[in-house]
Each structure stands twice: as C-alpha cells, then as structure tokens.
Amino acid sequence: MDRATALTEAFLASLAPEDARMVNLRQAVEEVAQDVITVEKNNPDWAAARVLRRLVEPDRVISFGVTWVDDAGDVQLNRGWRVQASNAIGPYKGGLRFHPAVTLDDLRFLAFEQCFKNALTALPLGGAKGGSDFDPTGRSDAEIMRFCQAFMHQLAPHIGPDRDVPAGDINVGAREIGYLFGAWRQSAGIYAGALTGKAPSYGGSHIRTEATGYGLIYFVQAMLERLHISLDGQRVAISGKGNVAIHAARKAIQEGAQVVTLSDTSGTLYAPDGLDHDAVDWVSQRKAEGGDISTPPAAFGATFCEGTQPWTQEADIALPCATQNEIDETAAQSLVDNGVRLVAEGANMPTTKDGLRVLRKAKVTYAPGKAANAGGVAVSGLEMSQMSHRRFMSAQEVDSALRTLMADIHDRVADEGQGRNGVDYARGANLAGYRRLAKAITAQGVI
Ligand code: NDP
Ligand code: 2IT
C-alpha cells in the first residue's frame, strides 16, 4: 500500500462514526484525501492546523421541519437542511436540492465538494448545500409556491448576502428561486442578494441559467485544445434533461458537436446523427411540463431506449449531467467499449470510485465536476457582485467572463495536475482547491 493510501485509510478511520457511515460523504472525502493528504502531512502548518479534517466537519448543519398546506387543504410535512461547510474564503455558497431521495449524506458530500469547487473559481465563495426531501412531481404551481415559502420561513434566519447565499440545484430552478427570494425579502424586510439564480428582472445575472452547461462545454474545449482536437464533429453523449444537460447540449451543438443522447429517469433519447436545436427545445419543453421523452417527433431522427443509460451508445465524449453515481463500474466499461475518450462531469460526483478506476485504466481523459461544472457557481459569484454594485452586465459580457473563468480554472487545474503521463484533472482540482483553502484556514488561526 502506498503512503497516500495508508494515510487516507487512517484519515477515514478517524472520522466520527456517523460520518463514516455516510457512503457518499465517505466517497467524496476519500477521493480528495487520496490526492491531498501527503501534501498536508508534508506541510507542518497545514498538518498542525488539521485543514482537511476541519473541511470534513461542517461549521454547522441546520435541520428543520417544513409544514405546508396542499391544494386539497391537507397539511404536508417535509424535512429541510442547510449544511454550512466553510466560510473561510467567502460567504457560504451552494445550491438547494428538492428531491424525495435527498438525505443528509447527499448534502454533506455536496457541501464538502462545493468548498473545493468554489475555491477553484478564485472568487470569494465559501461552501454550503441544502435542500429538502420534498417531491415536486405532480405538484401544482401554487403548491410549489407554498412549499418554497414554508421552506424559506425556516431557512431565512440563517442566510443573507454576507452570510450564506443559496442557489438552485436538482428541481430548484428559476421558478423556485423566485418564490424563495420573494419569501426571503418579505421575511428580512430588505432587498439584497441572499439568493442567486434570480431572474434579471429582479437582480439576477444574465446567463446564470445557462452557466453550468455552457461552462462545461468551455471547459471541455480547453481540455481538447491541449490535445489539439476540435469539438467540431465530436459525438457527445449527455445524460439528464435538466438545466445542466439542456444548456450543455445547446452549446455543444452551437460549437459543431453532434449531441447523440439526452436522458431522464425513464430512459435515453438516442440520435445517431445528432439532435438539433428543435429536438433539444422539445426535450426542454417536456421537462418543463413534467413529461417524459418517450415519444419524440419522427423528424428528430431519434429513438427512445426505455430503461437504458446513454453510456451504451457509441460516442467520443461523455458528459454526465443528471445526478451522483450514474457511472458505475459497468457503465464506465460500457463507455470505454463504445469509444469514449473524454469524460467531463456536469453533475456532482456522477462517477463512482470503481467507475473512475475503469476510466483511469483505459486512459480516458477525465474532468471532475468540481472543476468542469464550476461555471454555475462562478456566474453566481458574478451575480453577487452585480447585485452589490447595483450595476449589471450584458449577456454578452457575462458569457465572455464565463469563458475566461472556465479557461482559467482549466489552466489552474491542469498546471497542478500535470504529471509524467499527462494531466490528471481530478488530482489537479483537489490540490489546487485544497491549497487555496489551506492557506486561508491557517492564516485565520484556530477558530
Ligand atoms: P434538474 O432538476 O434541472 O435536472 C436533473 C436531471 O437529472 C433530470 O433530467 C432528472 O431526470 C435527472 N435525475 C435526477 N435525479 C436522478 C436520479 N436519481 N436518477 C436518474 N436521473 C436523475 O437539475 P440540474 O440540471 O440543475 O442538476 C443536474 C446535476 O448537475 C446535479 O448533479 C447537480 O448537483 C449538478 N449541478 C447543477 C448546477 C446548477 O447550476 N443547476 C451547478 C453544478 C452542478 P427526470 O427528469 O426524470 O427527473
Ligand atoms: O452544484 C453547484 O455548484 C450548484 N448547484 C450551483 C451553486 C451556486 O451557488 O450557484
């Protein structure tokens, strides 16, 4: 066993038993520790400060009940959380996820990852995540509004523009952010940037909705540039049909790629010659209506493969943009067998530990979500500045700033991850994020 693995095992064994039982948190922590633990041990200040251990321990976890009334007049109960992981380099920052399967384990791993992602943006953004086990499926607009208001009633005392700034994530988009912001504004009695992802009509940034997906493609272009390959003509398999997937698909098509798949929980839409903008618009419309994608119009040249993932189709590039752990060992092998040479994560931790081992063995170029999907939170950072200045950028200005931010993140990560056998982006992202956090945490003393 090498030194990093031995130290990582000892580190994992030192976690609180309830944390060690959180499988997603453990997976995320192990993946970071493996890359940074020897760097920490070799730096006496960072080792003495126990930087990594302090990053695993959130500053606080706020847990609350959410009570609301459905359209039938019945009282409904849900559980909500906000995990405030670290504000060492800026206000707590990270999305809110509404999904019936959400657990504290998910939000702990997401908040931990967010600290590193936000550090990589080079903006003043701390790490947090939150959400609820609320299931929006089949709920009316009025029910969504009442749920968001009840959720914010509980969360409002804990957030604010310099304290903690939530945003969207799975099932939390522009509509939900609008209801959440309205409720926060009423509760706080002031108008300020306590949430990002707002519409431009009330203090939001242009391109925030598109930023994660567009940023992912800009990151992929920076990766391909190093390999002297153009995105033009590449076959791209994308999973998901939500915010990240749709905007990644639109930008990829715009840049000349063939988007061969989109997907949802029911199956995969496969178009061997590529989906066009009309097809992506149709998928986006289906998502907005709460519908599935099983009956595409014939003109799209696409077939629906029920119950399958995109990873069984031939492609050059794979962009997982749905959820965590969607590429396991079998899926990763299938990607390799179908010709995929580059994987960049739009979702957070979509690749399992075993999946990653398969990709590495096959020498697939792999970019982790904490680098490749950082465009969303980076534009959230720009939204915070614009709101504070009371001065807003045009869509073109934000898009061009996003391109630069993603190219800079890429270069920071590639420099740190450069090794004898090329760039290890996962290692580069973990180390670059860790170094910024370690410097900030040690400079501020033991608090
Ligand atoms: P959306 O709610 O817009 O879309 C989520 C998509 O993922 C849907 O197509 C959904 O399928 C699918 N999905 C969700 N849960 C599961 C599951 N358990 N199994 C299979 N498919 C699932 O969310 P986003 O696009 O915003 O988020 C997607 C991913 O990107 C998440 O990992 C999120 O954390 C990450 N991310 C999001 C950012 C943002 O700015 N929004 C920023 C950075 C990362 P269905 O339609 O069937 O429900
Ligand atoms: O995972 C993420 O980076 C997000 N869901 C966006 C966070 C943000 O604060 O914009």
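As the structure lists them, so they are numbered: ligands from 1, and atoms in each ligand from 1. For reference, positions follow the sequence shown, starting with 1.
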*At the 4.0 Å heavy-atom cut-off, does G168 count as touching ligand 2?*
yes
task: Say whether K129 and ligand 2 are in contact under the criterion: heavy-atom distance to a ligand atom below 4.0 Å.
output: yes
Options [options], ranked by nearest heavy atom to [atom], top entry:
atom: atom 43 (C) of ligand 1; options: T212, L96, V244; value: T212
atom: atom 30 (O) of ligand 1; options: G346, G173, S266, G94; value: G346
atom: atom 33 (C) of ligand 1; options: T209, T265, D169, V379; value: D169
atom: atom 27 (O) of ligand 1; options: D264, I170, I246; value: I170

For the [atom1] atom on [X], are there more than 12 heavy atoms of other groups (residues, nucleotides or ligands in this structure) within a distance under 6.0 Å?
X: R163; atom1: CZ; answer: no
X: E18; atom1: CD; answer: yes
X: R403; atom1: CZ; answer: yes
X: H158; atom1: NE2; answer: yes

For R208, the atoms of ligand 1 under 4.0 Å from one of its heavy atoms are 40 (O)
Considering heavy atoms of the protein only, find what lies nearest to [atom] and give residue, atom and distance to 0.1 Å.
atom: atom 2 (O) of ligand 1; result: N171 N, 2.8 Å
atom: atom 12 (C) of ligand 1; result: A322 CB, 3.8 Å
atom: atom 10 (C) of ligand 1; result: K287 NZ, 4.7 Å
atom: atom 16 (C) of ligand 1; result: T323 CG2, 3.6 Å
atom: atom 41 (N) of ligand 1; result: N243 OD1, 3.9 Å
atom: atom 10 (O) of ligand 2; result: S380 OG, 2.6 Å
atom: atom 6 (C) of ligand 1; result: G242 N, 4.1 Å
atom: atom 9 (O) of ligand 1; result: K241 N, 2.9 Å

So for E326, does at least one of its heavy atoms come nearer than 4.0 angstrom to any atom of ligand 1?
no
(Q) I'd like to know whether Y270 forms a ring pair (Phe, Tyr, Trp, His ring centres under 6.0 Å) with F304, so could you lay out the CA-CA distance, the side-chain angles of the two residues, the decisive distance to 0.1 Å, and finally the verdict. (A) CA-CA 6 Å; Y270 173 57; F304 181 70; over 10 Å; no
Check: H410 ring centroid to Y425 ring centroid under 6.0 Å: yes
Checklist entry - Strictly under 6.0 Å, is that where the ring centroids of F181 and Y202 end up? => result yes
Would you check the N or O atoms of [X], main chain and side chain alike, for any that come under 3.5 Å of an N or O of ligand 1?
X: K129; answer: no
X: R97; answer: yes
X: N348; answer: yes

Side chain to side chain donor-acceptor pair (under 3.5 Å), that's the test. Do T67 and Q76 meet it? Break it down for me.
CA-CA 6 Å; T67 313; Q76 296 287 337; over 6 Å; no
**Asked** Are the side chains of V165 and M384 in touch, meaning some heavy atoms are under 4.5 Å apart?
**Response** yes
Are any non-hydrogen side-chain atoms of I293 and W282 less than 4.5 angstrom apart? yes
Taking atom types as modelled, find out whether [X] and [Y] have a side-chain donor-acceptor pair closer than 3.5 angstrom.
X: T196; Y: S380; result: yes
X: Q84; Y: D164; result: yes
X: E345; Y: Y366; result: yes

Evaluate Q114 for polar contact with ligand 2, using N/O atom pairs at a separation under 3.5 Å. yes
Pull out every atom of ligand 2 sitting under 4.0 Å from any heavy atom of [X], numbered as shown with elements.
X: R208; result: 6 (C), 8 (C), 10 (O)
X: D169; result: 1 (O), 5 (N)
X: G95; result: 7 (C)
X: A167; result: 8 (C), 9 (O), 10 (O)
X: K117; result: 1 (O), 2 (C), 3 (O)

Honestly, for E383 the part within reach of ligand 2 (heavy atoms, under 4.0 Å) is neither
Going by the 4.0 angstrom heavy-atom rule, the piece of N348 near ligand 2 is side chain
Rounded to the nearest 0.5 Å, the CD atom of Q27 sits from the CG atom of D354 at a distance of 9.0 Å
The reported gap from CZ in R286 to CG in L262 (rounded to nearest 0.5 angstrom) is 14.0 Å
* To do: Can you label the angle between the F134 ring and the F147 ring as parallel, tilted or perpendicular, going by 30° and 60°?
  => parallel
**Request:** With side chain to side chain donor-acceptor pair (under 3.5 Å) as the test, would you mind laying out the steps for E255 and Q221 before giving the verdict?
**Result:** CA-CA 9 Å; E255 299 288 318; Q221 287 181 310; 2.8 Å; yes
Under 4.0 Å between heavy atoms, the region of C321 that gets near ligand 1 turns out to be backbone
So for H99 against ligand 1, with non-hydrogen atoms under 4.0 Å, the contacting part is side chain
